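Report on the following structure.
Not measured: the values here are computed from a predicted model.
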Amino acid sequence: MTRTLLLWCPDWPVLAAEIIDGVPATGPVAVLHANRVLACSEQARAEGVRRGLRRREAQGRCPGLTVVDHDPGRDARAFEPVVAAVEEVAAGVEVIRPGACALPARGPSRYLGGEEAAAERIVEHVAQSCAVESQVGVADGVFAAGLAARQGRIVPPGGTPEFLAAQPVEALGRPALADLLRRLGVRTLGDFAALSAGDVLARFGFDGALAHRMAAGRDDRPLAIRRPPVDLTVTTDLDEPIERVDVAAFAARTLAERLHERLAGHGLACTRLGIEAVTAHGQELHRVWRHDGLLSAAAIADRVRWQLDGWLTGARRGGPARPSAGIIRLRLVPDGVLAQAGLQPGLWGETGEERERAHRALSRVQGLLGPEAVVTAVLGGGRSPADQVRLVPWGDERLPARPDAVPSAARSGAPLPSWPGRLPPPSPAVVLPTALAVQVWDAAGEPVTVSARLAMSAPPARLSIDATAEALVPVGVGRGAEIVGWAGPWPVDERWWAPAEARRRARFQVCLADGTALLLAVERGRWLLEAIYD
């Protein structure tokens, strides 16, 4: 279990009512929920008020009791400054509930001089910042740390099971379960933890099994450790002040390469770059550059060079006055980062000039060889992979030959159901322009046939392709390949109402012994190879 430090503020609903609504917590105060006491002040307890009492009984024991309705939002708002104060001392705070928060004990104990010193520092800082009294407990796991906080204890490492064993079953916070355990003779968490986990699950159900894990020191939900964000900023201090653009550009390129390597090491890419400079007289300059794609090392260096040029020579072109002295420090701050897989450059590099150059080059090829010499693929509708792709000449309108929608659904605004019976994903990696004839045999060497009712004569065992067509297939589908797996048949009966355009076939997916996966079809008694999976 994670070594956990938990801060607990006693009677927090009462304190929250004092902080937000001004109800004096020094007097007898009780916070009620569903007509029962949820929390009460110390003076109210001195007069006999306890949690769980009904409102009438609580007022009977303490006639001067101030009653406040429970407000979870008020408790949370009042507790936020306390959490912020704890985060000023240690990172990774997780709010358990209003009035209690936990964090891993390893970090603060290492840089504050031990767990006891860390607990004292946090309690003191919360008292000074928020004027709130609190207690801290340290143990293995959130549940044990919460019980230790109520006693202000620091349980030594490895001593959590012994600490929990002495606690009463009421510490589980399940009154009905605790009452039943008492009547069964189980009075402490140690007695409860000694029971068999299977027997506890069978007798007390899932919630009882969770309570059994907590009694044994195994939390059902460990503390979520949040690590502080990585500092990705890169800085360079220059030996002598820079006043020339060419010298500044050389330093900027080195710094840009460092930043790009650091981002790549964390799997990140930059979309917004902050450029900061400090002059010899202490003047600070800052500018943010935005980019719609990924900033490469060269793109970062270009933007730094442009910005330095603007700062150092801008006054010549009517811009702001140049800095009062040379630049002695450069800093690059990746202000906007995202996972590198989130964006990728276009086929010919970044959006902009590279795309225009590609367009001019392809148009030039069309001028030399004709419009059909350069084509691009357009995806559309269809039931087979070959039907879903249309090759369109470069520059023509990219409209699919078969819209991937049902017209009536498109007019009604409903989700667009598309081509029932189409091949489900993943799509094949290679789609043959013309299906190739293949032969499929069973284990006895007889050709496999498929009847009109989709009944197969025998399971397919081997497949071969004509020697003349082997060069057209980009994988090793030679003659006599063994079939180790197959699925199908899936029938497709298209345009049966138009005899001249009708097409009826059955599709199969087969896997060969070398790991190659193929899409086959049987049409008019012939086996055809339509596509190949990667």
Side-chain angles (χ1 to χ4, degrees), residues 4-103 108 118-139 142-143 145-154 170-171 173 175 223:
T4 304
L5 185 151
L6 189 141
L7 180 134
W8 173 64
C9 300
D11 308 326
W12 182 253
V14 177
L15 292 177
E18 180 182 34
I19 295 171
I20 302 298
D21 298 334
V23 179
T26 54
V29 180
V31 177
L32 271 66
H33 176 63
N35 206 39
R36 290 186 179 273
V37 176
L38 179 68
C40 58
S41 63
E42 184 177 356
Q43 185 173 347
R45 282 195 297 272
E47 298 189 24
V49 180
R50 295 291 183 271
R51 291 185 60 184
L53 290 180
R54 293 185 177 275
R55 176 172 185 162
R56 180 173 298 179
E57 184 177 356
Q59 289 178 330
R61 294 186 181 186
C62 180
L65 184 67
T66 301
V67 176
V68 179
D69 291 333
H70 176 51
D71 185 357
R74 177 186 62 205
D75 297 349
R77 290 194 303 273
F79 193 57
E80 177 57 29
V82 177
V83 179
V86 176
E87 277 202 321
E88 292 176 358
V89 179
V93 179
E94 179 178 340
V95 178
I96 307 300
R97 61 182 180 279
C101 61
L103 65 152
E120 293 177 357
R121 174 70 178 275
I122 291 175
V123 169
E124 181 182 0
H125 187 69
V126 169
Q128 293 178 352
S129 302
C130 308
V132 172
E133 295 184 1
S134 59
Q135 297 179 192
V136 167
V138 181
V142 178
F143 174 66
L147 297 181
R150 295 179 179 272
Q151 304 175 20
R153 288 186 54 181
I154 296 179
E170 287 77 11
L223 185 67

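Between the Arg55 side chain and the Val37 main chain, no donor and acceptor come within less than 3.5 Å of each other. Of the possible donor and acceptor atoms, none in the side chain of Glu94 sits under 3.5 Å from a partner among the backbone N and O of Ala102.
Nearest approach of Ser134 to Pro10, heavy atoms of both residues: CA-CD, 4.4 Å. When all heavy atoms are compared, the tightest approach of Val49 to Cys40 is O-SG, 3.8 Å. Summarising the geometry of Ile20 relative to Ala78, their closest heavy-atom pair is CG1-CB, 4.0 Å, with the distance given to 0.1 Å. Residues Thr4 and Ala145 come closest through the heavy atom pair O-CB, 3.7 Å. Between Pro28 and Ser41, the shortest heavy-atom contact is CA-OG, 3.5 Å. Shown here for Leu7 and Val86, the closest heavy-atom pair between the two residues is CD1-CG2, 4.3 Å.
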**Request:** Test Val95 against Glu80 for side-chain contact (heavy atoms from CB on, under 4.5 Å), laying out the working first.
**Result:** CA-CA 9 Å; Val95 178; Glu80 177 57 29; 5.9 Å; no

**Asked** Under the side-chain contact (heavy atoms from CB on, under 4.5 Å) criterion, do Asp11 and Arg45 qualify, and how do the steps go?
**Response** CA-CA 11 Å; Asp11 308 326; Arg45 282 195 297 272; 2.9 Å; yes

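Enclosure of atom CD in Gln151 by more than 12 non-hydrogen atoms of other residues, nucleotides or ligands within 6.0 angstrom is indicated. In the displayed structure, Glu88 atom CD is contacted under 6.0 Å by more than 12 heavy atoms of other residues, nucleotides or ligands.
Atom-to-atom distance recorded for His125:NE2 and Gln128:CD is 8.0 Å, nearest 0.5 angstrom. To the nearest 0.5 Å, atoms CG (Leu53) and CG (Leu65) are separated by 10.0 Å. Atom CG of Leu38 is separated from atom CZ of Arg51 by 5.5 Å, given to the nearest 0.5 angstrom. A distance of 11.5 Å separates CG of Leu6 from CZ of Phe143, quoted to the nearest 0.5 Å. The OG1 atom of Thr66 sits 9.5 Å away from the CD atom of Gln43 when rounded to the nearest 0.5 Å. The distance from atom CD of Glu133 to atom CG of Leu15, rounded to the nearest 0.5 Å, is 8.5 Å.
Between Trp12 and Val132, the closest side-chain pair of non-hydrogen atoms falls below 4.5 Å. Side-chain contact between Leu5 and Ile122: present, with at least one pair of heavy atoms (C-beta onward) separated by less than 4.5 Å. Using a 4.5 Å heavy-atom cutoff, the side chains of Glu87 and Leu103 are not in contact.
Tested against Glu57 for a side chain to side chain donor-acceptor pair (under 3.5 Å), the candidates Gln59, Arg54, Arg61 yield a single pass: Arg61.
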